[in-house]
Amino acid sequence: MTADREIVISRVVDAPRELVFEAFTEVRHLSRWWGPEGFTTTTRSFEFRVGGEWDFVMHGPDGTDYQEWITWTEIVPPRRIALLHGEHRDDQNAFESVLAFTPDGAATRIEMRTVFPTAELRDEAVEKYHAVEGGQQTLGNLAAYIAEIVRKGAEG
């Protein structure tokens with residue numbers, strides 16, 4: 001059982017599943033919306049494939065830099081992405097996330113299920129790093145970014 005070690009966040013994005021999935025798979029998109037409000041992202045390397053890695057830095061609004069690293073463990077277009085996320089390769093505290101993309105009428109429901117190695121690491125992420133609010137803000141940034149793409153597509 002993982003209930004004491006997990007965080008589950010979901011959001012409905014007003015766009016087709018293929019477009020929402022694409023926003024997670026191409027660095028040109030990810031770099032524009034990834035992270036909580038006020039954060040920016042600098043990508044060092046990016047290879048979207050099972051076993052591929054995304055090495056990046058998140059820049060906080062207070063000027064703090066956060067070294068981040070993701071490797072993809074499963075990719076099922078356009079339904080599911082599983083990944084391991086830590087500060088660096090071999091990070092003992094890395095956590096697993098599974099993103100599910102489900103049609104919801106003309107929109108897409110994203111569910112992000114994150115499981116930490118221990119309940120203590122989950123609690124630290126929630127209390128110290130505001131992981132729930134940060135995750136909600138990140139999916140909010142995604143929704144706003146996709147709304148802009150859809151709007152521009154409708155214009156031209």
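Keep in mind the model is a prediction, meaning the values are calculated, not measured. The first residue in the sequence is number 1, and the count goes up from there.
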Can you find a pair of side-chain heavy atoms, one from [X] and one from [Y], that are under 4.5 Å apart?
X	Y	result
D104	V13	no
F46	L30	yes
I81	F48	yes
L139	I9	yes

Considering only residues two or more places apart or on different chains, which pairs with a residue in residues 127-141 satisfy side chain to side chain donor-acceptor pair (under 3.5 Å)?
none
Just how far is it from atom [atom1] of [X] to atom [atom2] of [Y], taken to the nearest 0.5 Å?
X	Y	atom1	atom2	value
L83	W54	CG	CH2	9.5 Å
E87	R89	CD	CZ	15.0 Å
M112	L99	CE	CG	6.5 Å
M1	E6	CE	CD	8.5 Å
H29	L19	NE2	CG	7.0 Å

Return yes when atom CZ of R5 has more than 12 non-hydrogen atoms of other residues, nucleotides or ligands closer than 6.0 Å, and no otherwise.
yes
Please determine whether the number of non-hydrogen atoms from other residues, nucleotides or ligands lying under 6.0 Å from atom CD of E74 exceeds 12.
yes
Which atom names give the shortest non-hydrogen contact between [X] and [Y], and what distance separates them?
X	Y	value
A23	I146	CB-CD1, 4.0 Å
S31	T43	OG-OG1, 3.3 Å
V76	F21	O-CE1, 4.1 Å
F95	T114	CD1-CG2, 3.3 Å
F101	R80	CD1-N, 4.0 Å
E18	P78	OE2-CG, 3.9 Å

Can [Y] be reached from [X] by stepping across I, L, V, M, F, W or Y side chains whose heavy atoms are under 4.5 Å apart?
X	Y	value
V12	V20	no
V132	V8	no
V98	I110	no
Y66	I70	yes

side-chain contact (heavy atoms from CB on, under 4.5 Å) between R79 and R17, worked out
CA-CA 8 Å; R79 292 186 196 97; R17 178 166 69 168; 3.4 Å; yes
Pair E155 + K152: basic N to acidic O under 4.0 Å:
no
Salt bridge check, R109 against E111: does any charged N sit closer than 4.0 Å to a carboxylate O?
no
Linked hydrophobic residues, W69 as query - side chain contacts closer than 4.5 Å
L84
Set of residues satisfying salt bridge (charged side-chain N to carboxylate O under 4.0 Å, His left out) with respect to E26, sequence neighbours excluded:
R28
Is the backbone N or O of M58 less than 3.5 Å from a side-chain atom of T41, with the two atoms forming a donor-acceptor pair by type?
no
From the list D4, I7, T2, V115, side-chain contact (heavy atoms from CB on, under 4.5 Å) with R122 holds only for I7
For a quick check under 3.5 Å, do Q67 and H88 share a side-chain donor-acceptor pair by atom type?
no
Please state whether the rings of F24 and W33 are parallel, tilted or perpendicular, taking 30° and 60° as the class boundaries.
perpendicular
